[in-house]
2 protein chains.
Amino acid sequence: MPDHRTGGGDPAHTLRLLWRQTGDVPRRGPRPGRSLDDIVTAAIELADAEGLDAVTMRALAQAVGVAPMTLYTYVPGKAELLDLMLDAIYTGMPRPDRSGDPWRARVAAVAADNRALFTAHPWAAEVATGRPPLGPGQMAKYEYELRAFDGTGLDDVARDAALTFVLDFVRAGARSAAESRSAQQESAWTDEQWWTANAPLLAQVLDERRFPTAVRVGAAAGAAQNAAYHPDQAYEFGLARVLDGLTTLIATAKPPQ
Amino acid sequence: MPDHRTGGGDPAHTLRLLWRQTGDVPRRGPRPGRSLDDIVTAAIELADAEGLDAVTMRALAQAVGVAPMTLYTYVPGKAELLDLMLDAIYTGMPRPDRSGDPWRARVAAVAADNRALFTAHPWAAEVATGRPPLGPGQMAKYEYELRAFDGTGLDDVARDAALTFVLDFVRAGARSAAESRSAQQESAWTDEQWWTANAPLLAQVLDERRFPTAVRVGAAAGAAQNAAYHPDQAYEFGLARVLDGLTTLIATAKPPQ
DNA sequence: ATTGTACACCGTACTGCGTACGGCGAATCG
DNA sequence: CGATTCGCCGTACGCAGTACGGTGTACAAT
């Protein structure tokens, strides 16, 4: 998991790029050969195909068809590029009108939408968004997702906390998946191969009398995970718990009328 | 957030190091000047003090008082070192007998213990543990934490899923905190400075009619986070939801007798 | 038409990372 | 007392982001 994060560049510059308007003043000198969107789109495609680590300035330049240093005429640096990539995929998320559904279905849908985002763009889960890209995509996403809690009786602070709670849960699962994927890519061992390689070695040193519960539960969990697809299981289990937890909160906040 | 992960080395070699026994056969040649524990301890201290990024083989070598390449006579590579560091801090975690407490208090204590671990060793939150360090520390931790669900009526698979759910929640919060800290370290901007730098710029481009909920809730949440310490708030809110969600599950699994 | 200038483009080079490789010298064994 | 083992480490390589400065083009002003 690389130390990629949004909000790494100069705020003023980053915001100008995020909220860029198409109409521009006539400029002197030679016309740019590409557009900023070309760069961002190519970066997203590269990240989708080969992971975030593959998005080096050299590789991206080659994909776009320019020399590495030429990228710096479009983007101040890699930090700003990441903000632009994220905001772009946020912009592309679906936002159907779900005002007729009950809140629980709406929140479940928000979770599913974010999960789908991370499936389509696994690299997005790896990016630290403590300082979110404050662009149009992020704002539209935030606006839409907050609306999922309409009618729950939660106040504004609780509403933000609840959304953060749900999104953090989805992100955590996507991160595990992304980490697993990049681990396989870099170590040339499948997760499964790694476990089967470890099992016999571990059995030699592991004392069942010292760790009885761990050995028993570990075996059961291991068997269950082989039967079905593991990340999906953890997601289903966790999402049910998340929604139940919010249900308890909302039942207290808004007693049944 | 660097792409540090456990389980990156050769399984056989890693396990041998993790379960190393002190009694050794007499060896030929010169005696080692340091012990493996010296290396691991120094690495943990360095990570505690300056973050995981500061643990470079060169910096660690200097801390230990040897040349960089000398480290490779103690550890096959950096991947194995990380496994050893993590298992070592797991070993040091407190494991008091809480069998008298109700399950909810026990699980809350497990969450608190893990949170304390990440407070003492913030770098631990950054490490991807999809392939956990299968050493004595990790096993003791797993054994102990599974016991928190004794008497809940959960079967082995659900018990593992529930523990994973709780630990992932705590880890997600600790990651945010760690990311925030390293962001401040590298960008020379405080999170707060960053937000106050962005606020006026964002106000110029942000249309309140287009994003009414976002603007309102964002303002309320921002104000609430300035009043108190933000990560603590998110933890308290989330933990209550997590426990409530598990309560609903357990009430269904084990009807009140 | 000419000149001045802003700007797109990019070749070179620097720092810092993990670590492969091979040499040196000391401690132990036969 | 030689042979062997093994701790130690100097050098060097590939790859990352990007600072710096040079080159040539296209427009604005004259």
Side-chain angles (χ1 to χ4, degrees), chain A residues 1-5 8-10 13 24-36 38-39 42-43 46-47 50-85 123 126 182 185-187, chain B residues 1-6 8-10 13 24-36 38-39 42-43 46-47 50-85 126 182 185-187:
Chain A
M1 189 102 331
D3 59 342
H4 298 298
R5 84 175 105 255
D10 171 49
H13 206 148
D24 242 18
V25 286
R27 333 198 96 273
R28 218 110 85 106
R31 307 234 165 270
R34 333 274 152 177
S35 72
L36 180 53
D38 289 340
I39 311 290
L46 192 54
E50 302 182 48
L52 203 47
D53 287 348
V55 184
T56 69
M57 296 304 267
R58 297 171 219 262
L60 178 57
Q62 182 155 29
V64 172
V66 297
M69 287 312 292
T70 302
L71 293 179
Y72 289 89
T73 63
Y74 294 93
V75 172
K78 206 185 180 186
E80 288 82 356
L81 178 64
L82 255 182
D83 280 65
L84 291 167
M85 291 169 66
W123 51 270
E126 301 176 41
S182 75
Q185 215 167 328
E186 288 180 31
S187 78
Chain B
M1 189 105 327
D3 60 343
H4 297 299
R5 83 174 106 259
T6 52
D10 170 49
H13 205 148
D24 242 19
V25 285
R27 333 198 96 274
R28 220 113 79 110
R31 307 237 165 265
R34 333 273 153 178
S35 71
L36 180 51
D38 290 341
I39 311 289
L46 192 54
E50 301 182 46
L52 203 47
D53 286 347
V55 183
T56 68
M57 296 304 268
R58 297 171 219 260
L60 177 58
Q62 182 155 29
V64 173
V66 297
M69 287 312 293
T70 302
L71 293 179
Y72 289 90
T73 63
Y74 294 92
V75 171
K78 207 185 180 186
E80 289 81 357
L81 178 64
L82 255 182
D83 280 66
L84 291 167
M85 291 170 66
E126 302 176 40
S182 76
Q185 215 167 330
E186 288 181 30
S187 78

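Order of the sequence lines sets the chain letters (A, B, ...), proteins ahead of strands, with each chain counted from 1.
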How long is the gap from [atom1] on [X] to [atom2] on [Y], to the nearest 0.5 Å?
X       : Y       : atom1 : atom2 : result
A/Leu71 : A/Leu60 : CG    : CG    : 5.0 Å
A/Met57 : A/Met69 : CE    : CE    : 8.0 Å
B/Thr73 : B/Ile39 : OG1   : CD1   : 7.5 Å

Compare every heavy atom of [Y] with every heavy atom of [X], then report the nearest pair and how far apart it is.
X        : Y       : value
B/Pro68  : B/Ala61 : CA-CB, 3.4 Å
A/Ser182 : B/Arg5  : OG-NH1, 3.2 Å
B/Val64  : B/Ala42 : CG2-CB, 3.7 Å

I need the residues from residues 59-72 of chain A with at least one non-hydrogen atom less than 4.0 Å from DNA chain D; give them sorted by number, or say none. A/Met69, A/Tyr72
Expected list for residues 73-84 of chain B near DNA chain C, using heavy atoms below 4.0 Å, is B/Gly77, B/Lys78
Restricting to side chain to side chain donor-acceptor pair (under 3.5 Å), what partner residues turn up for B/Asp10, sequence neighbours left out? none
Hits for side chain to side chain donor-acceptor pair (under 3.5 Å) against B/Thr56, two or more places apart or cross-chain, chain-then-number order -> none
Can a donor-acceptor pair under 3.5 Å be found between the side-chain atoms of B/Arg58 and the base atoms of C/dG18? yes
Between B/Arg34 and A/Thr56, who's closer to the 5' end of DNA chain D by nearest nucleotide? B/Arg34
pair B/Asp53-B/His4: side-chain heavy atoms closer than 4.5 Å: yes
Using atom types as modelled, flag every donor-acceptor pair under 3.5 Å from a side chain in residues 74-82 of chain B to any protein atom, sequence neighbours excluded.
residue	atom	partner	partner atom	Å
B/Tyr74	OH	B/Gly33	N	3.4
B/Tyr74	OH	B/Arg34	N	2.9
B/Tyr74	OH	B/Arg34	O	3.3
B/Lys78	NZ	B/Val55	O	2.8
B/Glu80	OE1	B/Gly77	N	3.3

A/Leu36 has an atom CG; how far is it from atom C1' of C/dA8, in whole Å? 15 Å
Could I get a table of every N or O pair under 3.5 Å where one atom is in the protein and the other is in nucleotides 1-5 of chain D?
none

